[in-house]
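Just so it is clear, the model here is predicted, and its values are computed rather than measured. In the text below, chain A, chain B and the rest are named by the order of the sequence lines, each starting its count at 1.
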Amino acid sequence: MRKTIAEKIFEAHLRDTPSPENMVLNLDVVMCHEITTPIAIMDLVEKGMDSVFDPTRIKAVIDHVTPAKDSKTATQGKIMRDWAKRHGIRDFFDIGANGVCHALFPEKGFVRPGYTVIMGDSHTCTHGAFGAFAAGVGTTDLEVGIYKGVCSFRRPQTMKIVISGELGSGVSAKDVILAIIKRLTVNGATDRVIEFVGPVVEAMNMSARMTICNMAVEAGATCGICLPDRVTAEYLWPFIQGDYQDIEAAVADFAKWHSDPDARYIETIEMDVTGLAPQVTFGFKPDQVRDIGEMAGTPVDQIYIGSCTNGRIEDLRDAAQLLKGRRLAAGVRGIVTPATPKIFSQALDEGLIRIFMDAGFCVLNPTCGACLGMSSGVLAENEVCASTTNRNFNGRMGKGGMVHLMSPLSAAAAAISGVITDPRIYL
Amino acid sequence: MKEFGGPAIFLDRSDINTDEIIPAKYLTEISKTALKSHLLEDLLLDGRPFEARSPAMQQARVVVSRANFGCGSSREHAVWAFEVNDINVIVAESFARIFRQNMFNCGILAIELAKTSIDLLFAMQGNIEVKVDLQQNTMTALSDSPGQAPVTCAFQLNSLDRDLVASGGWLAFADQHY
């Protein structure tokens, strides 16, 4: 008793305690993409350690720059491809099947409640939405994960955020997490796991839970985590139906991971989202957040709808709902990037792609590119982007550019009016 | 054990992120040395671009900064960009988790000091040289300015981080232990 979900996961995976502050955990899944993995692969090869701990537990994708934009990115892709082939890594996703890692891997059912997951990518915390401990790591941690199936962590403490109240129309998970980051600040959750609970979280679908867990790292958190429940079980059902008699059995089994009623938290924050306005960032830090009304009228040059934060089908539906029958404001560029091929197909079937195209948007294949200024939508100096992504750092989407983070609804409203606009006027 | 310390450069801002330390457009490189000339390329201090190619920066072996150093992306390229520029110690009020872990995983030192100590270091006059004593867990900042007394600060290093620095990083340690 007295354990949080994170502590239960740590206990079930503990391999070693190399110092009183550190724990080494056995890993269930090691995820890899072509930006941070090739140097790990090359180092392992160079040191004569080119092996993988378990090819079935390694999931790999080319997603940051795809299709390759130049010889360097082509080489990164080739290193991944050759490595996956050499080690029999079957869950490797290349052109035609690839998508943004934190959207693609969940829809493949790779993450389950109680799992430990690492990836050489800070937004790995997204997978905590499934009741897993999922943490972004650097290339050396990734390398050891690939080679040995373990990772070391300074034992994080858990803070609980209880989200209650009623989300208003036109206000979504992105607005909730931006408001939370504003309150916590960019390092308010460093070395902590954030457990997101309360009626608002319980009512959220997996897509919304992934959005809030995705940005936990913007407050410094090791991982965001939600308690796995019926929503989780229904999402995962196609992948787990062989393991359980029915959904009820899965829900009951998942409950074993739930934090104990007397679990101890380093901090508990109560948050009532009733009356919360759409949120938008204004500076170069993701905790610089204002109600959208305070930013209304700020001109934008580009709209970007996509990423591991908000490139899922629910996000595209939100944006398309506003864009239907409307057009981009004069002089404004619109880019939409469905996060995975499955989402792209769904968006086609539902007529969303037609709505985006009729509105004047450029529709891109699934990729991370523009979010971090690597490809496909880089800003010029002094340009401004209304973006559904997760970081507004100086230079993030292009040197000298300014990024305003917001929800898909708010991005669509900016697309229509050409300036930052409260989306609720279009509902 | 490797020696840590040398001439220090001061970056007077909190929340310096890894995009500023090494912009994402250089993440297509597959060698660490290719990052060398791009260290801190997008850093803004007081809203102005930082002079990343200055002689002081070229000579620096130690960086002193404020809170939440290395936040944002997990890219170890940020640590490598310091490493290939011969920076072997970063001293800050606090670090982002992944950056700090990447430092020790590469066998180089991330030293956390209380805000009062960081303030003392920033208040020092003259050119500063830092010496780190891993036996005593202290670091001393010495100035070339005659009127400026040295400042010595004690720091904590947990036993795993100490082992990583001694063994040259996490891969060597993990290969031996797991």
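For the pair A:His13 and A:Asp28, the minimum side-chain heavy-atom distance is below 4.5 Å. Between B:Val130 and B:Phe4, every side-chain heavy-atom pair lies at or beyond the 4.5 Å cut-off.
Contacts of A:Ile79 with chain B are made by side-chain atoms alone, with heavy-atom separations under 4.5 Å and no backbone atom involved. Interface residue B:Asn105: backbone and side-chain heavy atoms are both found under 4.5 Å from chain A. Contacts of A:Asp70 with chain B are absent, with no heavy-atom separation under 4.5 Å from either backbone or side chain. Of the atoms belonging to A:Val378, not a single heavy atom falls under 4.5 Å from chain B. Neither the backbone nor the side chain of B:Thr18 comes within contact range of chain A; no heavy atom of the residue lies under 4.5 Å from a heavy atom of that chain. Contact of A:Ile39 with chain B is made through the side chain alone, with heavy-atom distances under 4.5 Å. Interface remark: A:Thr190 contributes side-chain atoms only to the contact with chain B (heavy atom separation under 4.5 Å). In this structure, the portion of B:Phe95 lying under 4.5 Å from any heavy atom of chain A is its backbone and not its side chain. Heavy atoms of B:His177 lying under 4.5 Å from chain A are absent altogether. Interface remark: A:Asn22 contributes side-chain atoms only to the contact with chain B (heavy atom separation under 4.5 Å).
Screening A:His33, A:His123, A:His127 against A:His102 for a side-chain hydrogen bond (donor to acceptor under 3.5 Å, both in side chains) leaves a single residue, A:His127.
Classification of A:Arg391 and A:Glu218 as a salt-bridged pair holds, one side-chain N sitting under 4.0 Å from a carboxylate O. Electrostatic pairing of B:Asp15 and A:Lys285 counts as a salt bridge here, judged by a charged N lying under 4.0 Å from a carboxylate O. The pair B:Asp161-A:Arg154 counts as a salt bridge, with a side-chain nitrogen and a carboxylate oxygen less than 4.0 angstrom apart.
Between chain A and the options B:Ala96, B:Ser159, B:Gly72, heavy-atom pairs under 4.5 Å are most frequent for B:Gly72. Top candidate by heavy-atom pairs under 4.5 Å with chain B, chosen from A:Gly220, A:Gly395, A:Gly136, A:Gly400, is A:Gly136. Comparing A:Pro156, A:Ala221, A:Pro20, A:Ser152 by how many heavy-atom pairs each has under 4.5 Å with chain B, the most go to A:Ser152. Ranked by heavy-atom pairs under 4.5 Å with chain B, the first of A:Thr36, A:Val137, A:Asp141 is A:Asp141. Among the candidates B:Asn158, B:Leu27, B:Asp163, B:Leu43, the residue making the largest number of heavy-atom pairs closer than 4.5 Å to chain A is B:Asn158. When each of B:Glu41, B:Arg75, B:Glu29, B:Glu20 is scored by its heavy-atom pairs under 4.5 Å with chain A, the top score falls to B:Glu29. Among A:Thr75, A:Val65, A:Asp191, A:Asp43, the residue with the largest count of heavy-atom pairs under 4.5 Å with chain B is A:Asp191.
In this structure, B:Arg66 is positioned above the aromatic face of B:Phe122, its NZ or CZ under 6.0 Å from the six-membered ring centre and within 45° of the axis.
Aromatic ring centres of A:Phe153 and A:Phe10: separated by at least 6.0 Å.
The structure places OG1 of A:Thr222 at 8.0 Å from CD1 of B:Ile98, a figure rounded to the nearest 0.5 Å.
In this structure, B:Phe69 and B:Phe82 have tilted ring planes: the angle between them lies in the 30° to 60° band.
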